[in-house]
Each structure stands twice: as structure tokens, then as C-alpha cells.
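Encoded as C-alpha cells, the structure appears first; notes follow it.
Just so you know, residue 1 is the first one in the sequence shown, and it goes up from there.
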Amino acid sequence: MLTFMQLFEAYRSLWSNRALAKEETLTEETCKALLYEAIEKELRDEMTHPRVRQAPEVKFHYAVKRIMAAPLAEAEKLDLIDLHLEVMDHIIV
């Protein structure tokens, strides 16, 4: 598995308009926490108005499609999908 700093940078490349902290000022643990938080927000659709939010399952589907279409290395794609699965397991339970 890649480091959380590498995954954080890969995730940032998926979302050019999201305000995420700059990597050079972050530690590995901070990157991990910020990455989990950002993915949870994404899957819960918290960036959308409450009346038009979609279910986490729908957002997960869109996230996987976006990751697969991104110009990332295969290892980055797999690790990002794995993180999305971890967060999705946390949301569903």
C-alpha cells in the first residue's frame, strides 16, 4: 500500500476544486485523518444541498467510476478504492 501522503495527493488530483490542506505541511497521520474525513464527506454527499443528496451507495459508485477514469497509477487507484470501501463499511454499520 502507498503512503497516506501519496494517496492524499492522488485524491487531491481527483478533485481540483476542493480545498484540501497542502501536503508539505502534513504528517502521515494528519494525511490519513484528512483523507478519511474527505472520503466520508464525499460518500455522505455533505457538499450538496440536503434536498438533493444521494445515498452513500450511489456516491460510492460515482467515486469508483471517477477513480477508474483518472490518470493515476493502478496501485493508486486500487488503494483509493480500498480506502473508499473502508469508509463505506464504517458508514453502513
Side-chain angles (χ1 to χ4, degrees):
M1 184 168 172
L2 300 169
T3 67
F4 284 103
M5 288 181 152
Q6 292 169 315
L7 290 176
F8 188 75
E9 190 58 40
Y11 184 80
R12 186 196 324 260
S13 73
L14 295 174
W15 300 101
S16 59
N17 61 344
R18 295 253 171 108
L20 296 170
K22 295 292 180 199
E23 181 184 348
E24 56 270 359
T25 62
L26 302 175
T27 65
E28 187 75 11
E29 283 300 312
T30 308
C31 279
K32 179 180 178 180
L34 288 174
L35 191 54
Y36 275 86
E37 180 182 323
I39 292 172
E40 185 171 352
K41 274 185 168 180
E42 175 190 353
L43 294 178
R44 290 185 187 273
D45 207 9
E46 292 179 4
M47 305 296 279
T48 306
H49 191 279
R51 283 189 241 152
V52 293
R53 285 187 181 152
Q54 297 179 342
E57 294 84 3
V58 173
K59 294 303 288 187
F60 177 78
H61 173 77
Y62 289 143
V64 171
K65 284 180 72 171
R66 184 179 194 117
I67 292 167
M68 293 307 295
L72 299 171
E74 293 300 315
E76 291 173 318
K77 290 178 182 183
L78 290 174
D79 286 347
L80 282 174
I81 291 171
D82 189 45
L83 284 175
H84 277 73
L85 283 168
E86 281 183 40
V87 174
M88 191 67 177
D89 286 343
H90 174 73
I91 290 173
I92 291 176
V93 173

Would you mind reporting whether Glu42 and Met47 have side-chain heavy atoms less than 4.5 Å apart? no

In the structure I gave you, are the side-chain heavy atoms of Ile67 and His84 within less than 4.5 Å of one another anywhere? yes

Phe60 side chain near Val87 side chain, heavy-atom distance below 4.5 Å: no

List for me each residue that meets side-chain hydrogen bond (donor to acceptor under 3.5 Å, both in side chains) alongside Glu40, sequence neighbours excluded, and say none if there are none. Arg44

Could you measure the distance from the CD atom of Gln6 to the CG atom of Leu72? Nearest 0.5 Å is fine. 12.0 Å

With rounding to the nearest 0.5 angstrom, report the CZ to CG distance, Arg12 to Leu35. 10.5 Å

Quick one: which residue pairs count as a salt bridge (Lys or Arg N to Asp or Glu O under 4.0 Å) with a foot in residues 76-86, not counting sequence neighbours? Glu74-Lys77

How long is the straight-line distance from CG of Leu7 back to OH of Tyr36, given to the nearest 0.5 Å? 9.5 Å

Atom OG1 of Thr3 and atom CD of Glu28: how far apart are they, to the nearest 0.5 Å? 4.5 Å

Same cluster or not: are Leu83 and Met68 linked, directly or through other Ile, Leu, Val, Met, Phe, Trp or Tyr residues, by side-chain heavy atoms under 4.5 angstrom apart? yes

Honestly curious: do Ile92 and Leu85 fall in one hydrophobic cluster under the side-chain, below-4.5 Å linking rule? yes

Output the distance between atom CD (Gln54) and atom NE2 (His61), rounded to the nearest 0.5 Å. 10.5 Å

All pairs passing salt bridge (Lys or Arg N to Asp or Glu O under 4.0 Å) where residues 47-64 contributes a residue, at least two apart: Asp45-Lys59

Kindly compute the distance separating CG (Leu34) from OH (Tyr11), expressed to the nearest 0.5 Å. 11.0 Å

